[in-house]
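Let me give you the structure first, and then I'll get to my questions.
The structure displayed is predicted, hence computed values, not measured ones.
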Amino acid sequence: MKQHIIELLGQAAAKIGADLGHTEIILDRPKSSEHGDFASNLAMQLAKPLRQNPRAIAENLVKNLPDSDFIQKVEIAGAGFINFFLSNIAKTAIVKAIQSKGEQFGRHNVGEGQKVQVEFVSANPTGPLHVGHGRGAAVGDCLCRLLEATGWDVTREFYYNDAGQQIDNLTLSVQLRCKGIGPDNPAWPEDGYRGDYINDVANAYMARLTIDAEDQHIVGKGDPNNTEAIRHFAVAYLRREQDADLKAFQVHFDVYSLESALYTHGKVEETVQDLVTSGHTYEQDDALWLRTTTFGDDKDRVMRKSEGGYTYFVPDVAYHKDKWQRGFKRVINEQGADHHSTITRVRAGLQALDIGIPQDWPEYVLHQMVTVMRGGEEVKISKRAGSYVTLRDLIEEVGCDATRFFLAARKADSQLVFDIDIAKAQTNDNPVYYIQYAHARICSVLNQWDGDINILKDADLTPLNTAHEAALMQRLAEYPEIVKIAAVELTPHTIANYLKDCASDLHSYYNDSKFLVDDEPTKLARLALITATRQVLRNGLGLLGLSAPEKM
RNA sequence: CUGCCCGUAGCUCAAUCGGAUAGAGCACCAGCCUUCUAAGCUGGGGGUUACAGGUUCGAUUCCUGUCGGGCAGGCCA
């Protein structure tokens with residue numbers, strides 16, 4: 001429909017001799033229904049090149065607009081907006097489109113089947129997942145669903161930092177616990193992990209329990225002096241816990257990459273060699289440096305420390321080089337904003353490899369911090385005490401759907417306040433239930449109707465002529481655009497906002513009009529409309545990974 | 001001190017990539033269930049979009065500066 005009107009405008013512009021040149025014809029959906037179903041600012045855009053009053057141009061354009069069955073009337077308003085009012089045929093066409101496309105309605109093929117890899121969560125296996133990881137999981141998973149819905153071939157990847165200093169700390173912490181030494185003991189190291197879960201790991205290890213992970217079975221050796229055994233056991237244990245949480249959160253991954261594998265497969269060493277060969281490195285103070293300032297960093301970075309080990313940044317570059325070599329021309333990293341400083345460094349390292357990686361590869365989506373509120377007070381996170389709100393707590397306390405919704409329904413680059421009391425509330429404070437309730441209501445009406453849902457596809461839709469019906473149909477018509485915008489801008493929260501609006505239109509309609517009326521044509525038309533609405537709600541909830549319950 | 005993100009109603013957040021009178025929910029006030037789910041609906045009050053400039057037909061949106069909040073800034077990850 002939008003395209004149709006754009007064509008009409010284009011023909012009109014040609015008739016009045018306007019050279020569109022670079023100006024693209026833009027159609028907006030006005031906020032107010034007084035301004036029609038579509039509005040164009042074309043006259044304003046042409047005012048300068050034509051050196052005429054925008055209103056005069058608008059009148060001229062309207063005069064030369066070809067006739068169309070889909071347009072009821074055209075008005076000129078304000079500074080020179082051209083407002084289009086659709087005919088009944090055009091408005092109801094969306095219901096037919098939804099009926100025929102079903103689950104496919106709203107999907108696009110802008111990705112054209114190209115590969116994209118999305119890396120998200122990537123928590124270190126040193127403790128349980130917390131709210132921040134939850135936000136990453138929710139946003140990342142919704143991004144994947146959006147990309148899939150727009151024609152991309154998505155690979156979901158999780159990167160485990162299972163090497164390096166923090167794993168040494170973890171191993172030591174577990175080992176001390178195995179020997180009966182706790183955080184209260186003066187011998188406890190400053191940067192040891194203090195959480196109670198460390199004790200759980202130690203007990204499991206000493207009890208010689210078996211960890212069944214994705215592809216490995218690790219048995220606790222029960223020997224507190226076997227550091228390597230403790231290391232493997234602890235990592236496997238915590239990975240298993242994280243995997244269980246993610247599963248409960250309806251998030252799955254296609255590929256798990258391990259930092260340790262980059263070392264054992266020689267990828268780290270290879271990357272260092274490549275960088276040295278490329279000529280962007282130098283030695284100073286017994287360390288090996290990469291001249292990242294050449295690529296926009298504010299200072300050069302150490303690759304190999306004077307004591308011989310590599311800094312974390314080298315495996316990071318090696319890992320991303322590996323992603324590139326696996327053929328991902330597009331990679332999106334979803335991370336916490338506290339890691340934003342790595343962006344410049346990783347990209348600089350990849351540029352220095354000189355293997356044709358674009359400057360802005362990979363893309364990043366950063367999410368800001370989450371503050372958790374309970375009982376009107378902030379729940380403080382204490383890393384020292386090892387106490388924080390875990391994702392598992394949230395899922396158990398407020399449920400998977402509500403947790404996902406609250407974490408994904410807000411712009412990622414704003415800090416968010418997660419109020420447990422509101423998320424838990426099974427009341428109208430809670431937007432998740434508001435949306436799901438709209439879906440359940442429709443299901444309920446359809447259940448009470450004794451007809452066959454398939455005959456609604458042939459329903460005559462001309463009885464749909466009330467303001468509520470027009471508003472709802474317009475809302476449904478927006479859905480495909482919203483999906484496209486959310487996918488291109490990588491903003492899942494756009495979908496959440498849309499669903500709230502759509503549910504609101506449905507609830508208003510429900511309260512205003514009875515659907516199961518005696519007049520058969522009216523009844524069928526209305527049922528066709530709410531069935532289409534149900535489909536859109538379902539599709540949208542699916543993009544957010546939320547359930548669409550038939551009863552509530 | 002430097003870099004990145006944010007600043008919108010009392011609170012939590014929107015605003016379709018520069019559009020028309022800045023919108024919802026919560027809270028507050030007043031109404032709507034013998035009728036398809038009241039987890040709902042209708043109406044009301046509540047704003048100098050942090051502040052000051054600039055760009056233009058038009059700015060919450062873009063640019064500059066100031067203030068405020070968050071996060072980073074190690075041969076840690």
- For the residue pair A:Y498 and A:Y479, does the interplanar ring angle fall in the parallel (under 30°), tilted (30 to 60°) or perpendicular (over 60°) class? tilted

- Reckon A:R410 touches a base, only the sugar-phosphate, or nothing at all at heavy-atom distances under 4.0 Å? sugar-phosphate

- Task: Strictly below 4.0 Å, heavy-atom distances to any atom of RNA chain B: list the hits from residues 33-46 of chain A, or just say none.
- Result: A:E34, A:H35, A:A39, A:N41, A:M44

- For the base of B:G19, is there a side-chain donor-acceptor partner from A:D28 under 3.5 Å away? no

- Query: Just checking A:Y510: base, sugar-phosphate only, or nothing, at a heavy-atom cut-off of under 4.0 Å?
  - Reply: base

- Distance check: side-chain N/O of A:S341 vs OP1/OP2 of B:A72, anything under 4.0 Å? no

- Message: What's A:L516 touching, base or sugar-phosphate or nothing? Going by heavy atoms closer than 4.0 Å.
- Response: base

- Message: Heavy atoms only, 4.0 Å cut-off, all strands: where does A:L446 land among base, sugar-phosphate and nothing?
- Response: nothing

- Residue A:S414, side-chain atoms from C-beta onward, closest of B:G40, B:U37, B:C6: B:C6

- Task: Name the orientation class of the two ring planes belonging to A:H320 and A:W361 (parallel below 30°, tilted from 30 to 60°, perpendicular beyond 60°).
- Result: perpendicular

- Message: Measuring to OP1 and OP2 of B:C76, would you say a side-chain N or O of A:K305 lies under 4.0 angstrom away?
- Response: yes

- Message: Side-chain N or O of A:K299 versus OP1/OP2 of B:G3: is the shortest distance under 4.0 Å?
- Response: no

- Note on the structure: Atom CG of A:D450 and atom C1' of B:C36 are separated, to the nearest Å, by 13 Å

- Query: To the nearest angstrom, how far is A:F405 atom CZ from B:C13 atom P?
  - Reply: 13 Å

- Message: Counting only side-chain nitrogens and oxygens, does A:Y434 get under 4.0 Å of the OP1 or OP2 atom of B:C26?
- Response: no

- Would you kindly give the NE2-to-C1' distance between A:H340 and B:A72, to the nearest whole Å? 4 Å

- Protein-nucleotide distance (A:R29, atom CZ; B:A20, atom P), rounded to Å: 16 Å

- Query: Can you tell me if the side-chain N/O atoms of A:K31 get under 4.0 Å from OP1 or OP2 in B:A20?
  - Reply: yes

- Message: Let's see if you can work this out: which of B:U37, B:C76, B:C17 has an atom nearest to the side-chain heavy atoms of A:Q165?
- Response: B:C76

- Touch class at under 4.0 angstrom, heavy-atom based, for A:A47 against every strand present: nothing

- Message: If the cut-off is 4.0 Å, is A:T311 near the phosphate of B:G74, judged by side-chain N/O to OP1 or OP2?
- Response: no

- Message: Need the glycosidic conformation of B:C33: syn if within 90° of 0, anti if not. Which one?
- Response: syn

- Query: Of the nucleotides B:U37, B:A77, B:A15, which one has an atom closest to the side chain of A:H493?
  - Reply: B:A15

- Item | A:E75 and A:N83: side chain donor to acceptor below 3.5 Å | no

- Sugar-phosphate only, base, or nothing, as touched by A:Q166 at under 4.0 Å among non-hydrogen atoms: sugar-phosphate

- Message: Under 4.0 Å, heavy atoms only, any strand: does A:M369 hit a base, just the sugar-phosphate, or nothing?
- Response: sugar-phosphate

- Message: B:C32, OP1 or OP2 - any side-chain N/O from A:H507 closer than 4.0 Å?
- Response: no

- Quick one: label A:A486 by what it contacts on the DNA or RNA (base, sugar-phosphate, nothing), any heavy atom closer than 4.0 Å. nothing

- Task: Could you check whether A:S306 gets within reach of a base, just the sugar-phosphate, or nothing at all, counting any heavy atom under 4.0 Å?
- Result: base

- Message: Checking contacts here: which listed nucleotide (B:C41, B:A72, B:A39) is nearest the side-chain heavy atoms of A:Y437?
- Response: B:A39

- Message: By the 4.0 Å heavy-atom rule, please label A:N83 as base, sugar-phosphate, or nothing.
- Response: base

- Message: In this structure, how many angstroms lie between the P atom of B:C36 and the CG atom of A:N511, rounded?
- Response: 11 Å

- Task: Look at the aromatic rings of A:Y509 and A:H468 and report parallel, tilted or perpendicular, splitting at 30° and 60°.
- Result: parallel

- Query: Taking atom types as modelled, is there a side-chain donor on A:Y312 or A:Q166 under 3.5 Å from an acceptor on the other?
  - Reply: no

- Task: Tell me what A:Q415 touches on the nucleic acid: a base, only sugar-phosphate, or nothing, going by heavy atoms under 4.0 Å.
- Result: base

- Counting side-chain heavy atoms from C-beta on, which of B:G7, B:C41, B:U35 comes nearest to A:K411? B:G7

